[in-house]
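Just so it is clear: chains get the letters A, B, ... in the order the sequence lines come, proteins before strands, and each one is counted from 1. This is a predicted model, so every value here is computed, not measured.
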Number of protein chains: 2
Amino acid sequence: MPDILDDAERLCAQNGVRLTPLRRRVLELVAGSKAPVKAYDLLSRIDQSNANAKPPTVYRALDFLMEAGLVHRVEALNAFIACPQAGHGHAAMLYVCEDCANVTEVQGARPGQDNKPDGFAVKRSVIEHYGKCIDCR
Amino acid sequence: MPDILDDAERLCAQNGVRLTPLRRRVLELVAGSKAPVKAYDLLSRIDQSNANAKPPTVYRALDFLMEAGLVHRVEALNAFIACPQAGHGHAAMLYVCEDCANVTEVQGARPGQDNKPDGFAVKRSVIEHYGKCIDCR
DNA sequence: GTTATGGATGTAATAACATAACAAAATGAA
DNA sequence: TTCATTTTGTTATGTTATTACATCCATAAC
């Protein structure tokens, strides 16, 4: 977990963007959760360090972190996870266990570019698999 | 479009479920839209035929239609599309043009089951590609 | 060191999306 | 018909996310 935050500092410095205390705090909360975290959960937890936090506070920090490749949004859950391999482009594929909520991220998968519609230029992909992990079977 | 509705009637009859006028009307609205439709848009359009429609009216119909394999939810858009190949299991992969909002559905793709985590049993998958279709380039 | 500038955060309000819980009505089987 | 089940009506509320504008803060130009 310090790893993730250190990596994040490094990455942001490299890219000339600012990992402010607030953003760092949100990343810390996301990274500290095994399961995907909801924005309003972040909001209530952040509140302890920042009494002024409101929804935009959290959503802005999340937008920044996603932009920076540090956090992913889990679309079908309206929730967020820390990217374990920060900065690795964005071909991430997620395996979400519906029992324990644990998420495994697999990098680099290039799914079915084969039978894609003629001339379609893919900009970003959402690939989320839901089921049961080995431990929950 | 009559095709989709006819197919739906047939499928529901086969499966012993009821495509009521309300559900049929919602399917008709979804199928009648080239772009993915929002639930509240459906609500406001359905209103003309059913003044009593409320959010649960629409969400229940959509749940039914999804269960029946007639409609898909587009997770990253909070929107819905009619399934062009109703009843075909659910390995659907979507290509969504961010310019014209058109959606192409590709069946059967089995993306990257290769490098999936050991012992993970996939129950359902969300696969959505966002970008530009050939016409919008 | 002051001051412009842009980026970041504070703040209030509200928009957009979705469900819970219970009542009433419609359908179909016994 | 009566009963059980499914469907729809209805009210209320919960959850997720954004808009719009104000204020603050860091930095670099002067």
Return the value, rounded to whole Å, for the distance between atom [atom1] of [X] and atom [atom2] of [N].
X	N	atom1	atom2	result
B:Leu65	D:dT8	CG	P	10 Å
B:Phe64	C:dT19	CZ	P	18 Å
B:Leu43	D:dT10	CG	P	13 Å
A:Leu42	D:dA17	CG	C1'	14 Å
B:Arg24	D:dT7	CZ	C1'	18 Å
B:Tyr59	D:dT7	OH	C1'	19 Å
B:Leu22	C:dA25	CG	P	17 Å
B:Asp63	D:dT7	CG	P	12 Å

Legend entry - Residues forming a salt bridge (Lys or Arg N to Asp or Glu O under 4.0 Å) with B:Arg10, sequence neighbours excluded: B:Asp7

Inset, instruction - Could you check whether A:Asp41 gets within reach of a base, just the sugar-phosphate, or nothing at all, counting any heavy atom under 4.0 Å? - result: nothing

Legend entry - Closest non-hydrogen atom pair, A:Gln107 against A:Cys83: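 Smallest heavy-atom distance, with atoms named: NE2-SG, 4.3 Å.
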
Inset, instruction - List the atom of B:Ile46, the atom of B:Arg25, and the distance in Å for their closest heavy-atom pair. - result: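 So the two residues come closest at CG1-CG, 3.9 Å.
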
So, is [X] near the phosphate of [N], with a side-chain N or O under 4.0 Å from OP1 or OP2?
X	N	answer
A:Arg18	C:dT9	no
A:Asn78	D:dA17	yes
B:Lys38	C:dA16	no
B:Arg23	D:dT7	yes

Legend entry - Contact nearer the 5' end of DNA chain D, comparing A:Ala39 with A:Arg60: A:Ala39

Legend entry - Presence of donor-acceptor pair under 3.5 Å, side chain of B:Tyr40 and base of C:dA18: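 Looking at the base of C:dA18, it does pair with a donor or acceptor on the side chain of B:Tyr40 (distance under 3.5 Å).
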
Legend entry - Student check: side-chain heavy atoms of A:Asn102 and A:Lys34 closer than 4.5 Å: yes

Inset, instruction - Would you mind telling me which residue lines up with the more 5' stretch of DNA chain C, A:Asn52 or B:Pro55, judged by nearest nucleotide? - result: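 The 5'-side residue here is A:Asn52.
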
Where the side chain of [X] is concerned, which of [options] is the nearest nucleotide?
X	options	value
A:Thr20	C:dT9, C:dA18, D:dT8	C:dT9
B:Pro56	D:dT16, C:dA20, C:dA18	C:dA20
A:Phe80	D:dA17, D:dT10, C:dA18	D:dA17

Inset, instruction - Would you kindly confirm whether B:Val74 and B:Met66 end up in one hydrophobic cluster when ILVMFWY residues are joined by side chain heavy atoms under 4.5 Å apart? - result: no

